[in-house]
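Input: a single structure, listed below in structure tokens.
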Amino acid sequence: MNKRLSLLAGCLLAGFACAAQAEIAPYVETELQARSNLLVNDEGWNVPPGTSFNSISANLNDSAQVTFTAGVVPIDGDLSRTGAGIWLGGHGKGHFVAIHEAASGDPEATMIISDRPDINLHGWLGYYTSEDGGPYTLRRYNPVANESNPVSLLPLTPSSIANPNIGSDRSIGFKGRFGLGYGIALAGVSPDAGVLYAVDRDVDAASPYAYIYSPASNDAHRIAVKVSTSDYSHNEIRIFRGMGDSDLVVADRVSDAASPFNKFDNGLALNNKDAVAVAVNLVEDNVRAVYRFDPTEGGYAATEIARVDASGPVRAIDSFAPAINEDGLVVFRGSDADGQAVFAGDGESLVRVVGKGDLVDTDLGPGQLGQHNTSPVFSGAPAVNNHGDIAFVAGLHPEGDNQVEWGTGVFVAYAERPEPPVGDDTVFANGFEQVPAVVEYAHDDGDGNTNQGPPSSFDPDMLWGNYFTVQPGGEVVTRISVAFGPTFPSREHGPVTFWLLEDIDGDGDPRNALAVASTQATPDVSGDTFFSVEIPPTLVHGAFFVGASAKLMGGQDKPARADRDDPGTASWFCYAPDIASVIDDLASAPFCGTNTAPNAPLPAAFMVRASAIPAE
């Protein structure tokens, strides 16, 4: 579908800013996450000695969890045995959560790994690996199970993979090579299916596209990409919803005589509001610029974020894809009068976030961003989260001495958080820090009157818990509380596992929900006294399920304390040989249903609660 492109007055071809408004939060801290260096210089930091990464891009989510990859990671400290690894951490801590070694055992084999992995809001990672350029494997790292597993692409069989983007539901958009050509696709929507969105004419001679460039996808299963149409001189940016289903965002001057755009860079960014950010060359003097295209009722509105000006704040714009967050903040690499820098703009204001020569704290002491020669200061593309925090990779040297190499560091520049609103509660009138209001989710009244467990006919792994709709101010779950019956297996058979599952569609049924957090603990109370466990603050959307699971002895263990004053329509229990193996697909469990008749002889609400705080 072709839609109209509108050019916002005051923003088009009018310099780098629309108005002198300071809407962008100041950047208050730049924190080193990890650092690699040649062993002849030092061992690096937060990575195994001998780790090597270059030409990579880091990524981050709204919790400021950071991920990046390294092509060479020593395994178990053995410099002669290395693999390609993916790192996960945040706030100056972290480690390689998966290291992939050549399956062939050939010491000369090279493991290829995504130069830019992706991370979703729950810390799941999407990336690819390949041994020596052989068959590519799309991978998904599960932080709950601490496992990295291949993602099925069938019936698709791409020979190579690029640009993986993982959504909140763990689907992964990507570009693949199919025979002699390329296409864009989505994987992981259903357990064993890859879905093509578009291919070029080298895959299908009937395709309207001569070539497909580097895509970006979002949580709504949409994929934005630059495409060449009749030939490589005619280019458009489109957003695809599926094969043969796309919207035109913008076309170049060759394709549209009214377009002010001469050229689009090959890489771009897409947010969950379907806004696209891309670097362009303008028709006017072929000037380089960065633009954001926002969907409107009649098409897309173009907003200029920055442009190159020989005497202005931006002297160059690099050919790396920009990043964009939900607020339309666009982050990109470029240069100012002092050298290479990272900028952030929203169409109304523009700030230089970090750049060559900036002072930063490091594990070795005060340092500066820079290189010992004319090599680029920054590596890859920057990333931005919805708080405005920016992840980037840059060279390092000691303060005042660029001839000493401190290697390459992965950093986060943190945006200042707004002050919380002053509450009316007079308890805080003395100026003490205000504690965020806590939303308590519960279906019971605190007075349990039955204990439930499996029948004597089998000994299952049982999951029991409650389903809740997310309430305003209670979007981030921090605690799970469970009341247990007088017999629970942790005393004999090990700890109980506590689960948080997110159900984005909010359909009232957790059997299609996905696990986003879990922890284990051994309860030491029973009856109406709740046993509580803390989990990492986890943002949830739509609805969620909280529960506990344990392997039980049928007819003996009755760990699920319940309140019969509630009908139990939002309480669920499931049986399986191993709950963890079906936790992301409870519909596949041998039994999973509500705690109501005829499933339960005594319908009741399980005494399982959750505590949550507002999202920032």
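Small disclaimer: the values here were computed from a predicted structure and weren't measured. As a basis for the values below, the full set of heavy atoms in this structure was taken, side chains included, without hydrogen atoms, waters or symmetry mates.
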Please find the pair of heavy atoms, one from G123 and one from Y141, that lie closest to each other, and give the distance. O-CD2, 4.3 Å
Are any non-hydrogen side-chain atoms of F174 and N163 less than 4.5 angstrom apart? no
Could you go through the side-chain contact (heavy atoms from CB on, under 4.5 Å) check for D389 and Y414 one step at a time? CA-CA 5 Å; D389 306 328; Y414 295 103; 3.9 Å; yes
Is any side-chain heavy atom of F591 closer than 4.5 Å to a side-chain heavy atom of N599? yes
Would you say I504 and S168 make side-chain contact, with heavy atoms under 4.5 Å? yes
Please verify the inter-ring angle class for F468 with Y441; under 30° counts as parallel, over 60° as perpendicular, anything in between as tilted. tilted
Compare all side-chain heavy atoms of I112 with those of Y136 and state whether any distance is below 4.5 angstrom. yes
Backbone N/O of A381 and side chain of S57: donor-acceptor pair under 3.5 Å: yes
Does H100 have any ring-ring contact (aromatic ring centres under 6.0 Å, His included) partners at least two apart in sequence or in another chain, and if so, which? Y127
Heavy-atom check, side chain of P158 versus side chain of R177, under 4.5 Å: no
Checking D76 now: which residues fulfil salt bridge (charged side-chain N to carboxylate O under 4.0 Å, His left out) with it, not counting sequence neighbours? R81
Check whether any side-chain N or O of E502 sits under 3.5 Å from a backbone N or O of L500 as a donor-acceptor pair, and report yes or no. no
Is there a donor-acceptor pair closer than 3.5 Å between any side-chain N or O of K273 and the backbone N or O of G328? no
Report the C-alpha distance between V582 and R511 in whole Å, list the side-chain angles of each, state the deciding distance to 0.1 Å, and finish with yes or no for side-chain contact (heavy atoms from CB on, under 4.5 Å). CA-CA 10 Å; V582 298; R511 288 176 293 187; over 6 Å; no
Salt-bridge present (R561, D528; N to O < 4.0 Å): yes
Does a side-chain N-to-carboxylate-O contact under 4.0 Å join R170 and D584? yes
Measuring centre to centre across the rings, with the benzene-like ring taken for any Trp, is Y197 within less than 6.0 Å of H221? no
I119 backbone acceptor or donor facing N61 side chain under 3.5 Å: no
pair E101-I99: side-chain heavy atoms closer than 4.5 Å: no
Going by side-chain contact (heavy atoms from CB on, under 4.5 Å), name the residues that satisfy it together with N325, two or more places apart in sequence or in a different chain. D327, L329, V384, N386
Heavy atoms of V540 and F544 approach each other most closely as CG2-CD2, 3.9 Å
On a heavy-atom basis, the closest approach of L268 and A224 is CD1-O, 3.5 Å
Using the side-chain contact (heavy atoms from CB on, under 4.5 Å) criterion, which residues pair with N218? Sequence neighbours excluded. A220, R222, L270, N272, D274
Given N146 and V97, is the side-chain contact (heavy atoms from CB on, under 4.5 Å) satisfied, shown in steps? CA-CA 7 Å; N146 189 30; V97 294; 4.3 Å; yes
Of V410, D115, N59, which meets side chain to side chain contact (heavy atoms under 4.5 Å, CB included) against F68? V410
Any side-chain to backbone donor/acceptor pair from N271 onto I324? Under 3.5 Å, distance only. no
Measuring only between side-chain heavy atoms, which start at C-beta, is I579 closer than 4.5 Å to T497? no
For D578, side-chain contact (heavy atoms from CB on, under 4.5 Å) partners two or more places apart: D461, K551, A580, S581
Test item: Q452 and N595 side chains (from C-beta on) under 4.5 Å apart, heavy atoms: yes
Tell me whether D118 contacts the main-chain N or O of I166 through its side chain, where contact means a donor paired with an acceptor under 3.5 Å. yes
For A605, which residues count as a side-chain contact (heavy atoms from CB on, under 4.5 Å) partner, sequence neighbours excluded? H443, D566, S571
